[in-house]
Amino acid sequence: MEQTEKQVHSSRLFKKATAFVSLMIFLQWCVLDFYVVRMIPYPEQVHDNDWTILIIPILPSLLLIAWSKWSHSLLTPGQITGAIVLGIILSIPLILFFGVNFHLSIGGQL
């Protein structure tokens with residue numbers, strides 16, 4: 001069965017939305033990590049802000065939902081939810097590899 005142009009466009013939008021969420025979570029993690037490492041005294045109070053990790057996925061999710069509504073995109077609510085969940089999952093390897101390297105390059109300790 002041949003895919004219609006609408007389905008192909010929707011598939012591309014899903015991939016872009018997933019990449020957007022994943023990269024936004026990674027960038028937010030880097031900003032938070034930079035703030036924590038530069039906070040005085042480090043590393044004694046490093047766990048005081050652990051709760052902020054829970055709110056990191058909120059901003060990209062809200063931006064994706066707002067963009068979807070504003071642009072009248074072809075993404076369904078299920079695809080938006082899937083892109084958010086998959087973006088969260090795909091951000092973990094980014095953080096584990098590139099994020100740890102960033103952490104060490106700014107003077108952080110493991």
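Note that these values count all heavy atoms, side chains included, but never hydrogens, waters or copies made by symmetry.
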Mind checking the [atom1]-[atom2] spacing from [X] to [Y]? Nearest 0.5 Å is all I need.
{"X": "F20", "Y": "L63", "atom1": "CZ", "atom2": "CG", "result": "4.5 Å"}
{"X": "S91", "Y": "L96", "atom1": "OG", "atom2": "CG", "result": "9.0 Å"}
{"X": "I65", "Y": "L75", "atom1": "CD1", "atom2": "CG", "result": "11.5 Å"}
{"X": "K69", "Y": "L64", "atom1": "NZ", "atom2": "CG", "result": "10.5 Å"}
{"X": "W29", "Y": "T52", "atom1": "CH2", "atom2": "OG1", "result": "11.5 Å"}
{"X": "W67", "Y": "I80", "atom1": "CH2", "atom2": "CD1", "result": "8.0 Å"}

Verify the cluster assignment for [X] and [Y]: are they in a single hydrophobic cluster under the rule of side-chain heavy atoms below 4.5 Å apart?
{"X": "I95", "Y": "I106", "answer": "yes"}
{"X": "L23", "Y": "L59", "answer": "yes"}
{"X": "I58", "Y": "Y35", "answer": "no"}
{"X": "L62", "Y": "M24", "answer": "no"}
{"X": "L13", "Y": "W70", "answer": "yes"}

(message) Using modelled atom types and a 3.5 Å cut-off, is there a donor and acceptor pairing between side-chain atoms of T81 and backbone atoms of P77?
(response) yes
(message) Between S61 and P57 (side chain of the first, backbone of the second, donor and acceptor by atom type, cut-off under 3.5 Å), is there such a pair?
(response) yes
(message) Parallel, tilted or perpendicular, judged at 30° and 60°: which one describes the rings of F102 and F34?
(response) tilted
(request) Answer yes or no: is there a side-chain heavy-atom contact under 4.5 Å between Q79 and S68? (result) no
(request) State, yes or no, whether a side-chain contact exists between V85 and V21 at a heavy-atom distance under 4.5 Å. (result) no
(request) Carefully, step by step, assess I25 and L90 under the rule side-chain contact (heavy atoms from CB on, under 4.5 Å). (result) CA-CA 10 Å; I25 290 173; L90 292 177; over 6 Å; no
(request) Check L110 against H103 and note the closest heavy-atom contact, atom names and distance. (result) CD2-CD2, 4.1 Å
